[in-house]
Amino acid sequence: MIQDARVLQDEFIPSEVQHRDAEVNELTNALSPITHGRSGDTTFLFGPSGAGKTCISRFAVERLREEVLTLNVQYVNCWEDYSRFRTLYRILDGINETLDIHRQSTPHDVLLDRLREYDGAPYVIILDEVDQLDETDVLYDLYRIPDLTMILIANREEELFAEFDSRVRSRLTSSTRVHFDSYHLDELMAILEDRVRWGLESGVIDDDRLVQIADAAAGDARVAIGILRRAAERAQEAGANELTETTISEAIPEARESVRQRNIDQLTPDQRAVYEIIRDSDGLAPKAVYERYRDRVEDPRTMRTVRKYLSKLSHYNLVDASGTSRDRVYHADDPLS
DNA sequence: TCTCCACCGGAATGCTTGGATG
DNA sequence: CATCCAAGCATTCCGGTGGAGA
């Protein structure tokens, strides 16, 4: 059944990309000064999740590597490394400059100084989910470092620029911006066919089943590949030699559920209590959530802290908040929707 | 239409943790 | 071993927002 599991992971970078020629060319052009020993243009990639932004940025940088012999590259997920310190640390890590920097007792500015002193090979950094940074002024500092080329990835252009302070905004308005749309059904099909060809044994899945997956993924390539992976795992466990309609329809909620479960596993016990209260209810006002939480745990946190939990939960799409003021109600996010 | 107030989320502050340093 | 420092988390305070109800 599964021939090469790597192809079914979403970090996998295909050797050829499907239906993103224009976007790849724009990014490649922005990076092209690097082949002449200069630094590339700062480039933004905007678009919904699963539209190929991360994949294309890695793909373009890998191609650049073929032309530029000495090139340093670092991928930073700003969701995980959301503070100024962590972002800079991760960037220094990409050029092996972190050996004597320690999480504690190292003043902030040492990291930036270290980066400014860097005079090695051209350095490309991909900052994914850049809208998750809590201090965007680190972008201003990074922008001013010569020989550093930034690729910045976010969902929505307007929302990202609204977060910038004027200094950051004025520097970055002139940069290249590439917009991605969700994949159409036939484009998702092409992506899936590619993964099937390299990842699965031949003849295990037909076009109708691919349509079924692409349809359920609603334009999101990451979701589509996740469903394919889960379905193949199921079939492999069952010893089946083809992917049936039933296997796939069972894999669809499971693929979504596995993302959810990963997020739930990261919650603290208090956060999980809040989540379970909402999950086991039929929509609750903030006050009711807090009262139930207070009754449920020993040594409860304050209301303000629970509000922070709630914003984290909705950030992870575990709960859904409707209403903005007194009409605010929290629902569990429906895994099937 | 006006006022009230539940709710949101930013900012300042304090506590704990844990490695570095003398 | 005592001290220092920054991260990370919680708490306190509070101004802004926008439905609900008069």
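Side chains included, hydrogens not; waters and symmetry mates left out as well; all remaining heavy atoms used. Treat the numbers as computed from the prediction; the structure is a model and nothing was measured. Here is how names work: the chains are called A, B, and so on, in the same order as the sequence lines, proteins then strands, and each is numbered from 1.
In the model, A:Asp208 has no side-chain atom that pairs as donor or acceptor with a side-chain atom of A:Gln212 under 3.5 Å. Side-chain N/O atoms of A:Asn72 and A:Tyr118 include a donor and acceptor closer than 3.5 Å. For the residue pair A:Ser32 / A:Thr35, no side-chain donor-acceptor distance below 3.5 Å is found, with atom types taken as modelled.
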Walk me through whether A:Asn317 and A:Val259 qualify under side chain to side chain contact (heavy atoms under 4.5 Å, CB included).
CA-CA 10 Å; A:Asn317 289 322; A:Val259 174; over 6 Å; no
Show your reasoning for whether ring-ring contact (aromatic ring centres under 6.0 Å, His included) applies to A:Tyr275 and A:Tyr316.
CA-CA 11 Å; A:Tyr275 167 68; A:Tyr316 279 100; over 10 Å; no
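Atom-to-atom, CG of A:Asp270 to C1' of C:dG8 comes out at 15 Å; the value is rounded to the nearest Å. Summarising the geometry, the separation between CG on A:Leu88 and C1' on C:dA6 is reported as 15 Å, rounded to the nearest angstrom. C:dA6 atom P lies 13 Å from atom CZ of A:Arg84, rounded to whole Å. Straight-line distance from the CG atom of A:Leu310 to the P atom of B:dA6: 17 Å, rounded to whole Å. Protein atom CZ of A:Arg328 is 16 Å distant from nucleotide atom C1' of B:dC5, rounded to whole Å. Protein atom CD of A:Gln266 is 12 Å distant from nucleotide atom P of C:dC9, rounded to whole Å.
Backbone-only engagement by A:Tyr330 is indicated by non-hydrogen atom pairs under 4.0 Å involving sugar-phosphate atoms exclusively.
Contact check, A:Tyr290 against B:dA6: no side-chain N or O comes under 4.0 Å of OP1 or OP2.
Side chains of A:Thr54 and A:Arg222 form a contact here, defined as non-hydrogen atoms less than 4.5 Å apart.
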Sugar-phosphate means primed atoms, P, OP1 and OP2; the rest is base. With that split, encode nucleotides 11-20 of chain C 5' to 3' as B, S or - using protein heavy atoms under 4.0 Å.
BBB---BBBS
